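Encoded as structure tokens, the structure appears first; notes follow it.
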Number of protein chains: 2
Amino acid sequence: MPYPSRLPRNQQAVLDVLSQQSHPLSAQELYGVLRQQQLIGLATVYRALETLKLRGLVQSRADTSGESLYSPVEQDQHYLTCLQCGRSFPLDRCPVQELEEHLQYSVPFKVYYHTLEFFGICEPCIESVD
Amino acid sequence: MPYPSRLPRNQQAVLDVLSQQSHPLSAQELYGVLRQQQLIGLATVYRALETLKLRGLVQSRADTSGESLYSPVEQDQHYLTCLQCGRSFPLDRCPVQELEEHLQYSVPFKVYYHTLEFFGICEPCIESVD
DNA sequence: TAAGCGAATGATAATCGTTCTCATTATACT
DNA sequence: AGTATAATGAGAACGATTATCATTCGCTTA
Ligand SMILES: [Mn+2]
Ligand SMILES: [Mn+2]
Ligand SMILES: [Zn+2]
Ligand SMILES: [Zn+2]
């Protein structure tokens with residue numbers, strides 16, 4: 001068997017914190033939360049996140065500033081993001097859920113998760129003409 | 001009128017190079033190409049890209065390493081990306097093109113472009129068990 | 001239970017894409 | 001031409017992520 005049945009202590013801790021949150025966290029935010037509970041290094045947080053992604057347990061997406069945000073793979077949330085003010089507006093449902101299942105059959109690739117995001121200008125920003 | 005009809009020299013140059021390429025370029029790669037043609041600063045390249053995005057002429061997405069890749073908004077290409085080896089496999093068509101048009105009517109938001117990417121493990125990497 | 005060994009860890013330095021600063025120059029408008 | 005504003009280039013600064021390395025942990029085996 002390639003993987004041990006249990007996750008190492010810190011990987012489990014990272015996964016636990018992510019699962020408790022309702023919104024994605026950056027590695028640094030995660031580090032901030034975890035260090036209140038136990039001694040942990042920042043590098044360990046990054047390493048845990050990387051491994052959890054490879055195990056198909058965690059997903060990540062890059063926010064507008066390029067920083068990576070992490071969440072459990074079960075979370076399937078997408079946003080409209082304004083290029084002007086940076087605000088994000090959540091979509092009420094995922095439009096590519098069935099598509100992902102179809103893909104599984106048509107490509108030689110094990111899909112773990114997807115990212116989908118729309119970019120443009122939000123209502124308030126359209127009014128405030130530049 | 002909020003915008004001048006002509007783009008500043010360097011914004012135009014950036015857009016020209018992007019349009020000539022068939023694949024997305026990073027800001028640094030763009031800088032490398034442009035400096036062979038003219039005197040230009042790296043900061044100017046970043047500034048031009050930012051402005052072109054706001055004008056709805058250029059889109060960007062983050063690659064696996066977090067680096068931003070830029071292309072004309074007309075380009076509508078998506079990938080399956082392997083979390084193990086980092087290789088990307090292009091999708092043969094965009095699955096959310098109609099969806100984007102529908103969105104325009106259902107939300108107070110001017111959509112310029114979208115990003116969509118699938119992540120998982122590619123065939124060769126599945127075989128090479130860890 | 002003690003020894004051995006590879007994986008995991010924490011501290012910290014290094015990396016590198018991106019942004020900021022600021023003095024200079026090009027451009028638009030009168 | 002003269003002035004106001006936007007654009008620009010060089011380089012410093014920033015900050016998220018990664019690499020390094022010595023130490024510790026967890027598990028297997030004798
Ligand atoms: Mn989804
Ligand atoms: Mn598309
Ligand atoms: Zn906005
Ligand atoms: Zn692969």
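Since the model is a prediction, treat every value here as computed from it, not as a measurement. Numbered from 1 within each chain, the chains take letters A, B, ... in sequence-line order.
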Quick check: on DNA chain D, is the nucleotide nearest B:Leu42 upstream (toward 5') of the one nearest B:Thr64, or the reverse? Name the residue that is more 5'.
B:Leu42

Counterpart residues, side chain to side chain donor-acceptor pair (under 3.5 Å), relative to A:Gln12 (two or more places apart)
A:Asp16

With a cut-off of less than 4.0 Å, is there a side-chain N or O of A:Asn10 near OP1 or OP2 of C:dG10?
yes

Please enumerate all residues that pass side chain to side chain donor-acceptor pair (under 3.5 Å) together with A:Tyr31, with sequence neighbours excluded.
A:Arg35

For the residue pair B:Ser88 / B:Thr81, report whether a side-chain donor-acceptor contact shorter than 3.5 Å exists.
yes

Rounding to a whole Å, what distance do you find between A:Arg6:CZ and D:dC27:P?
9 Å

Heavy-atom distance under 4.5 Å between the side chains of A:Pro90 and A:His78, does that happen here?
no

Residues at least two apart in sequence or cross-chain that pass ring-ring contact (aromatic ring centres under 6.0 Å, His included) with B:Phe118, listed by chain then number, are A:His114

B:Asp63 CG to C:dG17 C1', in whole Å, measures 11 Å

Sort and list the pairs that fulfil salt bridge (Lys or Arg N to Asp or Glu O under 4.0 Å) and have at least one residue in residues 58-84 of chain B, not counting sequence neighbours.
B:Arg61-B:Glu117

Report yes if the side chains of B:Leu18 and B:Tyr70 come closer than 4.5 Å at any heavy-atom pair, otherwise no.
yes

May I ask you to list the residues of residues 112-120 of chain B, by number, that have any heavy atom positioned under 4.0 Å from an atom of DNA chain C?
none

For B:Glu50, check side chain to side chain donor-acceptor pair (under 3.5 Å) against everything at least two apart and list the hits.
none

Give the rounded distance in Å between these two atoms: CG of B:Leu54 and C1' of D:dA6.
16 Å

Length of the CG-P vector between A:Leu49 and D:dA16, whole Å
15 Å

Could you tell me how far apart B:Leu39 (CG) and C:dT25 (P) are, to the nearest whole angstrom?
12 Å

For atom CD1 of B:Ile40 and atom C1' of C:dA26, their distance in whole Å:
14 Å

Upstream residue (5' side of DNA chain C) when B:Arg9 and B:Tyr46 are each assigned their closest nucleotide:
B:Tyr46

Between D:dA7, D:dG9, C:dT18, which nucleotide gets closest to the side-chain atoms of B:Gln11?
D:dA7

Residues two or more places apart in sequence or in another chain: which of them pass ring-ring contact (aromatic ring centres under 6.0 Å, His included) with A:Tyr46?
none

Same cluster for B:Val96 and A:Leu80 if Ile/Leu/Val/Met/Phe/Trp/Tyr side chains link at under 4.5 Å?
yes

In this structure, how many angstroms lie between the P atom of C:dT18 and the NZ atom of B:Lys53, rounded?
10 Å

Rounded to the nearest Å, what distance is computed from the CG atom of residue A:Leu69 to the P atom of nucleotide D:dG15?
17 Å

Go through the structure and list residues passing side chain to side chain contact (heavy atoms under 4.5 Å, CB included) with B:Gln38, not counting sequence neighbours.
B:Arg9, B:Asn10, B:Ala13, B:Leu34, B:Ile40

Within the pair B:Ser68 and C:dG17, is there a side-chain N or O less than 4.0 Å away from OP1 or OP2?
no

Min side-chain heavy-atom separation B:Pro95-B:Leu91 under 4.5 Å
yes

Closest approach to the side chain of A:Pro8, judged atom by atom: which nucleotide of C:dG10, C:dT9, D:dT17 is it?
C:dT9

Taking only residues two or more places apart in sequence or in another chain, which ones pass ring-ring contact (aromatic ring centres under 6.0 Å, His included) with A:Tyr113?
B:Phe119

With a 4.0 Å heavy-atom cut-off, tell me which residues in residues 14-34 of chain B come close to DNA chain D, sorted by residue number.
none

Bend angle of the helix from C:dT1-D:dA30 to C:dT30-D:dA1 from five-pair axes at both ends, rounded to 10°?
30°

Review item, nucleotides 19-24 of chain D N/O atoms under 3.5 Å of protein N/O:
none

Between B:Leu83 and A:Val111, is there shared hydrophobic-cluster membership here, with clusters defined by ILVMFWY side-chain heavy atoms closer than 4.5 Å?
no

